[in-house]
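First comes the structure, then the notes that go with it.
In each ligand, atom 1 is the first atom listed, and ligand 1 is the first ligand listed. What's counted below: heavy atoms across the whole structure, side chains too, no hydrogens, waters or symmetry copies. For the single chain, residues carry numbers from 1 onward in sequence order. Here the structure is a predicted model, which is why all the values come from computation and not from measurement.
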Amino acid sequence: MNDNCNGTLQNHVSVQPRYGIDAPGFIQGFFLVGISAFLAGLFIPSFNLFGIRVAFLGPLLCFIALIPLALGTSMVIYGLRGKFNIRDLMLNMIAWRGNEQVLDIGTGRGLLAIGAAKCLSTGKAIGIDIWRAQDLSGNTMENTLRNIALEGVEGKVELKKEDIRSTSFADKSFDVILSLLCLHNIEDEKERDVACHEIARILKPGGTVLIADYIPTGGYAKAFAAAGLAVKSSKSHVRAAYALMWIVTATKEGNL
Ligand SMILES: C[S@@+](CC[C@H](N)C(=O)[O-])C[C@H]1O[C@@H](n2cnc3c(N)ncnc32)[C@H](O)[C@@H]1O
């Protein structure tokens, strides 16, 4: 953890903040399909087809069932461990001064906004979201406000209900813009480009944007370059996340 950041992982409160499990419906679906296919595989008997004994269908189905089970398990481990590793990785990529204006896009229950607030002294973190229930368990502004209070960063974090494709922020508002597992939720590629252009518009000259997502971030990198940002890297961080994860880093030319 960055020395300037005030122990993001350690907090000594009796009620722990909770940051939710991402895409809970998908996880349930993967386990349901996986377990059903595995059980079906166990009970498929061998049979004769044109005089040939067919005994492989059951074991094959059991083997295929391991794919959704592995995906579901990786998503649970990501929610319990990986997302905290990725948060710390992203926060450590910034050379914090303490006075930054930070935006967390799709803040959910506040994971990055609260983490960033612990790296700030006079600065402020703003978390925006449209709080879609299906994207994160317990995804409400009330739960995020509770986490902010539990983490002791009231006054350093503000929440706003905004869609990243069209925000109310003035040009050049933020020194640091962060986002974890949000932009893929915008299904249309052109709309994701619109979001990237909006991010470039509200980033200050000299500012940095870090976008992490479970889909390759090459598309975001292209859109940032088209919007005039300098893309520094776009690479995979699967080991830290225990799941699919890429992070793109881009900056805007100029001085803060
Ligand atoms: C998978 S959750 C991740 C939440 C949080 N970043 C985390 O890592 O715990 C994705 C979040 O993006 C939000 N979201 C989806 N589309 C959005 C949009 N167009 N603008 C702002 N937020 C959005 C969802 O409501 C959800 O809270």
To check your reading of the model: name the closest protein heavy atom to atom 17 (C) of ligand 1, its residue, and the distance in Å. Ile130 CD1, 3.5 Å
For Phe38, give me all partners under ring pair (Phe, Tyr, Trp, His ring centres under 6.0 Å), at least two apart in sequence or on another chain. none
Nearest 0.5 Å, please: how far is CD1 in Ile94 from OG1 in Thr249? 8.0 Å
Hey, is the main chain of Glu100 close enough, under 3.5 Å, to the side chain of Asp175 for a donor-acceptor pair? no
Region of Asp22 that comes within reach of ligand 1 [heavy atoms, distance under 4.0 Å]: side chain
Is the closest side-chain donor-acceptor distance between Thr140 and Asn143 under 3.5 Å? yes
Looking only at distance, does Ile186 have an N or O less than 3.5 Å from an N or O of ligand 1? no
Can you name the atoms of ligand 1, numbered from 1 with element, that are less than 4.0 Å from a heavy atom of Trp131? 25 (O)
Is it the case that Thr167 and Glu198 place a side-chain donor and acceptor less than 3.5 Å from each other? yes
Has Arg109 got any heavy atom lying under 4.0 angstrom from an atom of ligand 1? no
Closest protein heavy atom to atom 9 (O) of ligand 1, given as residue, atom name and distance to 0.1 Å: Lys83 NZ, 2.9 Å
Residue, atom and distance of the protein heavy atom nearest atom 13 (C) of ligand 1 read Asp129 OD1, 3.2 Å
Does the N or O separation between Asp163 and ligand 1 drop below 3.5 Å for any pair? yes
Of Ala133, Ser137, Cys182, the residue with the heavy atom nearest atom 12 (O) of ligand 1 is Cys182
For residues 54-75, which side-chain donor-acceptor pairs fall under 3.5 Å, sequence neighbours excluded?
from	atom 1	to	atom 2	distance (Å)
Thr73	OG1	Leu69	O	2.7
Ser74	OG	Tyr242	O	3.4

Nearest protein heavy-atom contact for atom 10 (C) of ligand 1: which residue, which atom, what distance? Leu181 O, 3.3 Å
Would you say Ile164 contacts ligand 1, with heavy atoms under 4.0 Å as the rule? yes
Measuring from the heavy atoms of Glu162, does anything fall under 4.0 Å of ligand 1? yes
Residue-level breakdown please: for Asn185 versus ligand 1, do any non-hydrogen atoms fall below 4.0 Å on the side chain, on the backbone, on both, or on neither? side chain
So, 4.0 Å and heavy atoms of Leu112: is ligand 1 close enough to count as a contact? no
Would you tell me which option among Asp135, Asn139, Leu183 has the nearest heavy-atom contact to atom 15 (C) of ligand 1? Asp135
Evaluate the salt bridge (charged side-chain N to carboxylate O under 4.0 Å, His left out) criterion for residues Lys190 and Asp193: first the C-alpha distance (whole Å), next the side-chain angles of each, then the deciding distance (0.1 Å), finally the verdict. CA-CA 5 Å; Lys190 285 200 181 103; Asp193 287 353; over 6 Å; no
Do Thr251 and Thr208 have a side chain donor and acceptor closer than 3.5 Å? no
Can you list the ligand 1 atoms lying under 4.0 Å from a non-hydrogen atom of Arg132? 25 (O)
Between Asn185 (side chain only) and Cys182 (backbone N and O only), is there a donor and an acceptor less than 3.5 Å apart? yes
Assess whether atom CZ of Phe31 is packed by more than 12 heavy atoms of other residues, nucleotides or ligands within 6.0 Å. yes
Determine, considering heavy atoms only, which of Gly127, Gly108, Gly106 sits nearest to atom 6 (N) of ligand 1. Gly106
Rounding to 0.5 Å, atoms CD1 (Ile247) and CD1 (Ile211) come to a distance of 10.5 Å
